[in-house]
Amino acid sequence: MIKIGLTHQGCSNERLFREERLEPVHVKRPAMPPLEEFISCLEAIWDSRVLTNCGPFHEQFERELAEFLGVEHLALFCNGTIGLVTALQALRVAGEVITTPYSFVATTHALLWNGLTPVFVDIDPVTFSIDPKKIEEAITPRTTSILPVHTYGIPCDFEAIQRIADIYGLKVIYDAAHAFGVRDSGGSILRHGDLSVLSFHATKVFHTFEGGAIICPDAKTKQRIDYLKNFGFADEVTVVAPGINGKMNEFQAAYGVVALKHYGTWHASCSAVSHRYRELLTGVSGIRLLNVPEKLEWNYAYFPILVEDGYPLTRDDLYYKLRREGIHARRYFYPLISEFPMYRGFESAKLEHLPRAYEVSRKVLCLPMFAELPIDVVESICRLIAEG
Ligand code: T4K
């Protein structure tokens, strides 16, 4: 039983975790709307017996989500990974794809599932996303596309990336798994590139248990993606592509409709958590915080810190120290994707080509970050970090 919301008189949360062996505080805890609100949707599903294949909740959620995100065309998916696999299919991507080693493995697994060759380039030390300056030198005659990731919801340098894509005639597919609701002065950052792919996994700022979406520029592309996510069916007797089953079911979609109404509240709570972390960790020697651009409407997807040389403990020492206290921070993203066996044979995966990504992966620690995280727990975590 989790008791992170409770502080007993004279007993701090950090002592509670240690002495009473309560449930640990994980890096993520899904935000959930009141159960009653979802139950009425379940009743509607029970009555209609429409469980999947783009039923009424699917259509409603697709519409309401597009409006909420400020995008015109969006196709829902059963999860983000199948969304990525399908996005690459939709654009008929072939050959080599330039991407980042500093991400969750799903980013590049989607390439391997399409028979594509990942070409890793190093990251920018500030955004932790692909460094556009490194992209050009990785282009070969086989390069067709770029697959950047908006790491932790901080936008990539999309202008520089698009400039290169335009010069060399490359497609850009953004892995926007972390970028739900992020807006800059021009609007949703999902408008960039040829396609963007969201994840609504349980650990994301907005979730549908599992789920995802592809954001696309026009109705024609959406039509093709809709065919692809439903086995390629254009109608009952016509199959136009070797599609997959990527559909979001009615339970996920109904949940999405309900959850969307609460996102504003959850976002505000995450903002309070993030600001308290920032107040307490700014100036702690050897702890570096994520650089969030000033005018960005961020989503507080993660709270990564870098444990630098000036800190008295190594990153792993701090990770285990917090763990002993019941705080389960996570090392997202360590090891690098390029270090896993199915990738390390690629020339671009050699660590000598990826020094910044390697360094960040050895220093990063993502602290618990979710809407229900009590501020006094944030304060306890920061005390533990500050004391070294
Ligand atoms: N691209 C990027 C850049 C991504 O980060 C991801 C997913 C994808 C693509 C693929 O999208 P999806 O196909 O997943 O839609 C988690 C998530 O499973 C994964 O979705 C996410 N990225 C990745 C960064 O994190 P794990 O293996 O770390 O998850 P897990 O099960 O250890 O969960 C972390 C903590 O969250 C747990 O310690 C407890 C808490 N938790 C988790 C779940 C699943 C809950 O409280 N409730 C839950 O239901 O990968």
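Just so it is clear, the model here is predicted, and its values are computed rather than measured. The first residue in the sequence is number 1, and the count goes up from there. Values below: every heavy atom of this structure, side chains too, minus hydrogens, waters and symmetry copies.
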All N/O donor-acceptor pairs, side-chain side in residues 268-276, below 3.5 Å, sequence neighbours left out:
from	atom 1	to	atom 2	distance (Å)
S269	OG	T265	O	3.2
S271	OG	H275	ND1	3.2
S271	OG	Y300	OH	3.4
H275	ND1	S271	O	2.7
R276	NE	E379	OE2	2.8
R276	NH1	E279	OE1	2.5
R276	NH2	E379	OE2	3.2

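- Sorted by first and then second residue, the salt bridge (charged side-chain N to carboxylate O under 4.0 Å, His left out) pairs with a member in residues 224-236 read E62-K229, K222-D226, D226-K229; sequence neighbours excluded.
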Pair L384-L318, side chain to side chain contact (heavy atoms under 4.5 Å, CB included): steps then yes or no = CA-CA 9 Å; L384 289 166; L318 178 59; over 6 Å; no

Under 3.5 Å, which donor-acceptor pairs do the side chains of residues 346-353 form with other protein atoms, sequence neighbours left out?
from	atom 1	to	atom 2	distance (Å)
E347	OE1	K350	NZ	2.6
E347	OE2	H353	NE2	2.9
S348	OG	F120	N	2.9

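- The side-chain hydrogen bond (donor to acceptor under 3.5 Å, both in side chains) pairs that include a residue from residues 82-104 are Q89-N114, E96-T140, Y102-Y152, S103-T107, where partners are two or more places apart or lie in different chains.
- Listed by first and then second residue, the salt bridge (charged side-chain N to carboxylate O under 4.0 Å, His left out) pairs that reach into residues 281-299 are R288-E308, sequence neighbours excluded.
- Contact annotation: the side chain of L74 never approaches that of I214 to less than 4.5 Å [non-hydrogen atoms, C-beta and beyond].
- For L296, the side chain to side chain contact (heavy atoms under 4.5 Å, CB included) criterion is met by I154, P155, V182, D184, V292, P293, W298, not counting sequence neighbours.
- Residues passing the side chain to side chain contact (heavy atoms under 4.5 Å, CB included) test with S199 are A177, H201, K204, sequence neighbours excluded.
- Evaluation of the salt bridge (charged side-chain N to carboxylate O under 4.0 Å, His left out) rule for R183 yields no partner, not counting sequence neighbours.
- Two residues are said to be in side-chain contact when any heavy atoms from C-beta on lie closer than 4.5 Å; F370 and V25 meet this criterion.
- Counting only residues at least two apart or in different chains, side-chain hydrogen bond (donor to acceptor under 3.5 Å, both in side chains) contacts with residues 245-262 comprise E37-H262, N53-K247, H207-Y255, N245-K247, N249-Q252.
- Looking at residues two or more places apart in sequence or on another chain, you find a side-chain hydrogen bond (donor to acceptor under 3.5 Å, both in side chains) between R323 and Y319.
- Linking Ile, Leu, Val, Met, Phe, Trp and Tyr residues whenever their side-chain heavy atoms come within less than 4.5 Å leaves I161 and L147 in two separate clusters.
- Using a 4.0 Å cut-off between a side-chain N of Lys or Arg and a carboxylate O of Asp or Glu, K220 and D218 do not qualify as a salt bridge.
- F68 meets the ring pair (Phe, Tyr, Trp, His ring centres under 6.0 Å) test with F180, Y263; sequence neighbours excluded.
- Looking only at distances, a side-chain donor or acceptor of R315 sits under 3.5 Å from a matching main-chain atom of S361.
- Using a 4.5 Å cut-off on side-chain heavy atoms (C-beta onward), C366 and P304 make contact.
- Qualifying ring pair (Phe, Tyr, Trp, His ring centres under 6.0 Å) partners for H109, counting only residues two or more places apart in sequence or in other chains: Y343.
- Classified by interplanar angle (parallel below 30°, tilted 30° to 60°, perpendicular above 60°), the ring pair Y174/H150 is parallel.
- Ion pairing of K321 with E325 is absent here, as no side-chain N (NZ or NE/NH1/NH2) approaches a carboxylate O to less than 4.0 Å.
- With respect to the salt-bridge test (charged N to carboxylate O, under 4.0 angstrom), the residues D316 and R331 qualify.
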